[in-house]
Amino acid sequence: MHLGHEYPLMYGLILIPCWCSLVCISRIYMGMHSILDIIAGFLYTILILAVFYPFVDLIDNFNQTHKYAPLIIIGLHLALGIFSFTLDTWSTSRGDTAEILGSGAGIACGSHVSHSMGLMLDPPLDILPLARPPITVMLLGKAILRVLIGMVFVLVVRDIMKKTTIPLACKVFNIPCDDIRKARQHMEVELPYRYITYGMVGFSITFFIPYIFFFIGIS
C-alpha cells in the first residue's frame, strides 16, 4: 500500500525536513553529537535509504507473514546489539542503540502477531483514497481515550520491565545492584535491560494496545 493514497505528498515534503532538522539540532544542543557527526549521520541515512528502499515491501511482507519471522527478527537484533559494541568504557550510544534495536524487534514482532490475528490488515486498493470521517464529539472522545489508554499502558509496561530486568541481569551476571545507575553502565546489564524493556514497549504499541482498542470497541 502506498502512502501517497492516504496523505498528500506536499505534507510529507514539509514534515520530513522539519522533523529531521529538529532532531539534528537537538543532538547538537544537548551536546550529544558534533556538527560533523550530524552530517555523517545524515549522509549515512541517505545511503541506507538508497540500499533498502527497493526491498521495503519485501521486508514488511516477510515480517508480517513468514512463519519464523519473530525468531529471525529477535535473533538478528540480538546479534547486532551484542557484536556491535565491544567498548572498554561506558558510552550512552551503546544503550541508545540497544534501545533502538529492541524497539525495532518489538514493533516487528508485534506487527507479525497483529497481522496473524487480523488486527492490522491493509485496506483493499479499490477503496483508496480513504475518505476522512466527519469530526464529531464521539470521534474526538475516542481519540482522546486511545491516547490516554495507550500512554498509560506503555508507561506501565516500561516501568514493570525496567524494575524486573535490571535486578535480574545483576543477579545473573553477579553485578552489585546497590547503585542502579552504576549497574546500568555494565554491558551485561544495560543491553538486556534496554533490549527487553523497549522490545516489550514496541510489542505493546503494535499488538497489546491495538488489541485493547479492538476489545473495548474504539479501534
[X] and [Y]: same hydrophobic cluster, using ILVMFWY side-chain contacts below 4.5 Å?
X      : Y      : value
Ile38  : Ile35  : yes
Ile149 : Val201 : yes
Leu15  : Tyr11  : no
Phe214 : Val157 : yes
Met161 : Ile180 : yes

- Kindly check if the number of other-residue, nucleotide or ligand heavy atoms within 6.0 Å of CG (Asp179) is above 12? yes
- Item | Over 12 non-hydrogen atoms of neighbours within 6.0 angstrom of CD1 in Ile135 | no
Considering only heavy atoms from C-beta outward, does the side chain of [X] approach that of [Y] to under 4.5 Å?
X      : Y      : result
Tyr211 : Val113 : no
Leu43  : Leu47  : no
Val189 : Ile166 : yes
Ser111 : Asn63  : no
Pro167 : Lys163 : no
Tyr195 : Thr165 : no
Tyr193 : Arg184 : yes

- Item | Phe208 and Phe153 aromatic ring geometry - parallel, tilted or perpendicular at 30°/60° bounds | tilted
- Message: Parallel, tilted or perpendicular: which one describes the rings of His66 and Tyr68, with boundaries at 30° and 60°?
- Response: tilted
State, to 0.1 Å, how close [X] and [Y] come at their nearest heavy-atom pair, and which atoms those are.
X      : Y      : answer
Cys177 : Cys170 : SG-SG, 3.4 Å
Pro70  : His112 : CG-CD2, 3.5 Å
Ile73  : Ala108 : CD1-CB, 3.6 Å
Thr206 : Gly202 : OG1-O, 3.0 Å

Atom pair [atom1]/[atom2] of [X] and [Y] - distance to nearest 0.5 Å:
X      : Y      : atom1 : atom2 : answer
Leu101 : His77  : CG    : NE2   : 6.0 Å
Thr164 : Asp159 : OG1   : CG    : 9.0 Å
Ile72  : Phe62  : CD1   : CZ    : 3.5 Å
Leu78  : Ile196 : CG    : CD1   : 8.5 Å
Leu148 : Met151 : CG    : CE    : 7.5 Å
Ser116 : Lys67  : OG    : NZ    : 12.0 Å

- Query: Sequence neighbours excluded, which residues qualify as salt bridge (charged side-chain N to carboxylate O under 4.0 Å, His left out) partners of Lys182?
  - Reply: none
- Task: Using atom types as modelled and distance alone, determine if a side-chain donor or acceptor of Arg146 lies under 3.5 Å from a backbone N or O of Ile218.
- Result: yes
- Item | Working for side-chain contact (heavy atoms from CB on, under 4.5 Å), residues Arg27 and Asp37 | CA-CA 10 Å; Arg27 298 293 88 191; Asp37 292 336; over 6 Å; no
- Task: Applying side-chain contact (heavy atoms from CB on, under 4.5 Å), run through Thr45 and Phe42 and close with a yes or a no.
- Result: CA-CA 5 Å; Thr45 300; Phe42 179 77; 5.6 Å; no
